[in-house]
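Working notes for the structure below.
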Amino acid sequence: MKAFLMYKDSDFDLQRKLPSNEYELMKDLELLTLFNAMAAGDKFLLEVAREAVLSGLYNDLDAIFYRQSILKDCLKNPSVVRDIYHIAVEAVDRRKTHCLGFLGKYPASRLYMSIEMLKIFVEVLKNLRNITDKHSDIFESEGFKAFFAMLKQELNDEFFTRVQEHLRELKFHDGILISAELGKGNKGANYILRKPSEKKQSWMQRILAKKTPVYTFTISEHDESGARALSGLKDQGIVLVANELARSADHIYSFFNRLRHELAFYVGCLNLHERLDQQGEPMSFPIPAAPGQYLHSFKGLYDVCLALSMEPRVVGNDLNLDDKVLTIITGANQGGKSTFLRSIGLAQLMMQCGMFVPAEFFCSSICDCLFTHYKREEDTTMNSGKLDEELSRMSSIVDNITSNSMLLFNESFAATNEREGSEIARQIIGALLEKNIRVFFVTHLFDFANKLYKRNLERVIFLRAERKSGGERTFRIIKGEPLQSAFGGDLYIKIFEADELI
């Protein structure tokens with residue numbers, strides 16, 4: 001049995017390699033805030049959220065649309081999805097408490113533990129079948145339809161009847177029937193467990209029936225050696241059945257374990273959706289576009305991590321960046337530039353893993369890789385300066401970047417003077433533009449931004465953080481030419497005037 005709720009024709013690979021820049025993405029995009037909201041205090045949900053979101057960069061359009069349709073079903077039927085998830089969790093947890101591997105080297109013990117485990121699984125499978133019978137008709141996605149169809153086919157009445165019969169027979173209430181052959185040196189060989197005769201007779205028929213001549217012997221209850229020898233014969237007879245039953249139990253456990261992992265992603269999405277909905281934040285399902293189309297437009301796009309960390313509604317942005325390869329963002333300090341940059345990266349990750357996005361509308365071409373190059377604090381060990389460290393990270397990005405990547409710069413190359421920093425930025429951006437790599441660049445390097453602006457390049461757009469004439473920040477990002485001032489004086493006045501009032 002397969003769930004196939006993450007991919008149409010394959011399991012969710014729990015060991016899939018995550019992006020090499022996982023640490024940078026986690027730090028720069030504050031992904032832990034997002035994952036904690038999805039987990040709602042559950043460590044398992046936290047780990048699955050990390051795996052699913054970061055590995056989403058490897059998804060193609062079909063996988064994204066496939067998950068979107070399943071998630072829409074989950075949002076329409078959250079209680080049913082949570083019930084199925086809890087069934088999977090129950091199966092996994094009960095298997096752990098029964099320790100299937102205990103005394104596993106003894107066939108009799110392995111057989112007993114497998115029978116007990118299968119009894120539990122049959123009970124849980126019946127609960128899963130009951131949910132299927134009651135609710136399968138209200139699900140519309142391809143993934144859930146295939147999932148419920150599989151359960152109806154595999155978990156039919158005949159299946160449960162046969163399993164119950166087999167488990168009852170394996171209790172061996174009438175003893176164990178084993179056949180054997182004489183091997184080399186008249187030793188026993190080819191021990192095979194035989195099914196007892198199913199012919200039912202009354203006690204009178206059994207007394208009067210013609211007896212087949214047999215040879216019997218009885219082991220004295222005080223004969224320990226004989227008891228051990230008889231136990232050894234029994235183990236040789238049931239070893240194949242014990243192994244097969246253990247494999248069956250493992251197969252069902254594997255199904256529940258994978259179902260738990262795959263549904264955990266959607267439960268995490270439900271947790272996040274409920275949290276944002278309570279805060280009144282807009283959400284929508286994005287429109288992913290094929291790589292190379294250079295589509296990127298949105299309405300009401302906001303930083304979901306900022307929204308999760310503060311009470312007031314977060315300011316969203318409306319922009320159309322279609323056919324643009326380079327986006328330069330300048331403007332006032334603390335005007336929302338870094339927040340906007342983070343919202344771009346978060347929405348891209350959420351879209352590519354099949355989630356809804358924090359926006360009223362969002363459309364973007366998918367990318368192979370997402371890189372961040374943010375300013376860092378100076379190396380306290382003094383092994384390198386800030387500029388050396390920035391260039392080292394840039395070199396690592398270049399080693400792994402592809403033509404279908406997205407790169408987010410946040411005040412990079414400002415560790416030296418403006419003339420040198422601008423030249424470094426100009427050379428790097430020029431090389432990236434030649435490869436048509438999508439770049440977002442937040443910068444205070446006016447010389448760099450202004451010279452690019454004057455070139456009036458068709459595939460480059462310039463944005464800036466809006467600032468009203470009185471110094472008020474609206475935290476909106478608008479189209480506009482680079483400004484030489486970052487208006488640090490506004491912050492100076494705000495801080496020191498506040499101190500004087502105190």
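Bear in mind that the values here come from a model prediction, so they are computed numbers and not experimental data.
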Can the ring centroids of [X] and [Y] be said to lie less than 6.0 angstrom from one another?
X      : Y      : value
Phe440 : His373 : no
Phe448 : Phe441 : yes
Phe148 : Phe139 : yes

Residues [X] and [Y]: side-chain donor-acceptor under 3.5 angstrom:
X      : Y      : result
Gln427 : Glu423 : yes
Asp28  : Thr372 : yes
Asn320 : Ser297 : no
Ser405 : Asp368 : no
Glu466 : Thr474 : yes
Gln348 : Ser364 : yes

Sorted by chain and number, sequence neighbours left out, side chain to side chain contact (heavy atoms under 4.5 Å, CB included) with Tyr58 holds for Arg16, Pro19, Ser55
Is there a donor-acceptor pair closer than 3.5 Å between any side-chain N or O of [X] and the backbone N or O of [Y]?
X      : Y      : value
Arg258 : Asp11  : no
Tyr266 : Leu5   : yes
Glu262 : Phe12  : yes
Asn417 : Glu420 : yes
Asn271 : Ala40  : no

Between the side chains of [Y] and [X], is the shortest nitrogen-to-carboxylate-oxygen separation below 4.0 Å, so that they form an ion pair?
X      : Y      : result
Arg393 : Glu389 : yes
Arg82  : Glu274 : yes
Asp447 : Arg419 : no
Arg467 : Glu472 : no
Glu390 : Arg376 : no
Arg476 : Asp318 : no

Determine all donor-acceptor pairs shorter than 3.5 Å in which one atom belongs to a side chain in residues 453-462; sequence neighbours excluded.
from   : atom 1 : to     : atom 2 : distance (Å)
Arg459 : NE     : Asp323 : O      : 3.2
Arg459 : NH1    : Asn436 : OD1    : 3.3

Nearest heavy atoms of [X] and [Y], plus distance in Å:
X      : Y      : answer
Gly345 : Leu408 : CA-CD1, 3.8 Å
Arg275 : Ala37  : NH1-CB, 3.9 Å
Asn59  : Cys353 : ND2-CA, 3.8 Å
Thr443 : Leu445 : OG1-N, 2.9 Å
Leu45  : Ala39  : CD1-O, 3.6 Å
Ala3   : Leu259 : CB-CD1, 4.0 Å

Would you check if [X] and [Y] make a side-chain contact, meaning some heavy-atom pair closer than 4.5 Å?
X      : Y      : answer
Phe285 : Leu75  : yes
Ile344 : Met406 : yes
Phe361 : Cys363 : yes
Arg342 : Thr339 : yes
Arg67  : Met355 : no
Leu276 : Val304 : yes
Phe255 : Lys2   : no
Cys367 : Leu57  : yes

Atom [atom1] in [X], atom [atom2] in [Y]: separation rounded to 0.5 Å?
X      : Y      : atom1 : atom2 : value
Lys324 : Tyr294 : NZ    : OH    : 13.5 Å
Leu151 : Arg129 : CG    : CZ    : 8.0 Å
Asn36  : Cys305 : CG    : SG    : 9.5 Å
Ile478 : Asn317 : CD1   : CG    : 10.0 Å
Ile120 : Ile252 : CD1   : CD1   : 11.5 Å
Glu142 : Asp73  : CD    : CG    : 11.5 Å

Met26/Phe35 under side chain to side chain contact (heavy atoms under 4.5 Å, CB included): CA gap, chis, key distance, verdict: CA-CA 10 Å; Met26 290 287 294; Phe35 298 158; 3.4 Å; yes
Parallel, tilted or perpendicular: ring planes of Phe298 versus Phe340, cut at 30 and 60 degrees:
tilted
- prompt: In terms of ring plane angle, is the pair Phe356 and His273 parallel, tilted or perpendicular, where the classes change at 30° and 60°?
  reply: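 Ring orientation of Phe356 relative to His273: perpendicular.
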Item to complete: Evaluate the side chain to side chain contact (heavy atoms under 4.5 Å, CB included) criterion for residues Ile429 and Leu432: first the C-alpha distance (whole Å), next the side-chain angles of each, then the deciding distance (0.1 Å), finally the verdict.
Response: CA-CA 5 Å; Ile429 292 301; Leu432 295 173; 4.2 Å; yes
**OP:** Carefully, step by step, assess Ser343 and Asp303 under the rule side chain to side chain donor-acceptor pair (under 3.5 Å).
**Re:** CA-CA 4 Å; Ser343 72; Asp303 178 355; over 6 Å; no
Residue set satisfying side-chain hydrogen bond (donor to acceptor under 3.5 Å, both in side chains) with Glu140, at least two apart, ordered chain then number -> Lys76
Tell me every residue that passes side-chain hydrogen bond (donor to acceptor under 3.5 Å, both in side chains) with Arg50, counting only those two or more places apart in sequence or in another chain.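 By the side-chain hydrogen bond (donor to acceptor under 3.5 Å, both in side chains) rule, Arg50 matches Glu22, Glu47.
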Those residues at least two apart in sequence (or on a different chain) that pass ring pair (Phe, Tyr, Trp, His ring centres under 6.0 Å) with Phe44 are His261
Problem set entry | Qualifying residues under salt bridge (charged side-chain N to carboxylate O under 4.0 Å, His left out), relative to Lys152, sequence neighbours excluded |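 Per chain and number, Lys152 pairs via salt bridge (charged side-chain N to carboxylate O under 4.0 Å, His left out) with no residue.
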With side chain to side chain contact (heavy atoms under 4.5 Å, CB included) as the test, would you mind laying out the steps for Phe475 and Val314 before giving the verdict?
CA-CA 9 Å; Phe475 304 109; Val314 179; over 6 Å; no
Subject >> Verdict with reasoning, Leu326 to Ile437, per side chain to side chain contact (heavy atoms under 4.5 Å, CB included) >> reply: CA-CA 8 Å; Leu326 173 61; Ile437 295 171; over 6 Å; no
(request) Could you check His296 against Phe362 for ring-ring contact (aromatic ring centres under 6.0 Å, His included), going step by step and ending with a plain yes or no? (result) CA-CA 8 Å; His296 208 156; Phe362 186 87; 5.6 Å; yes
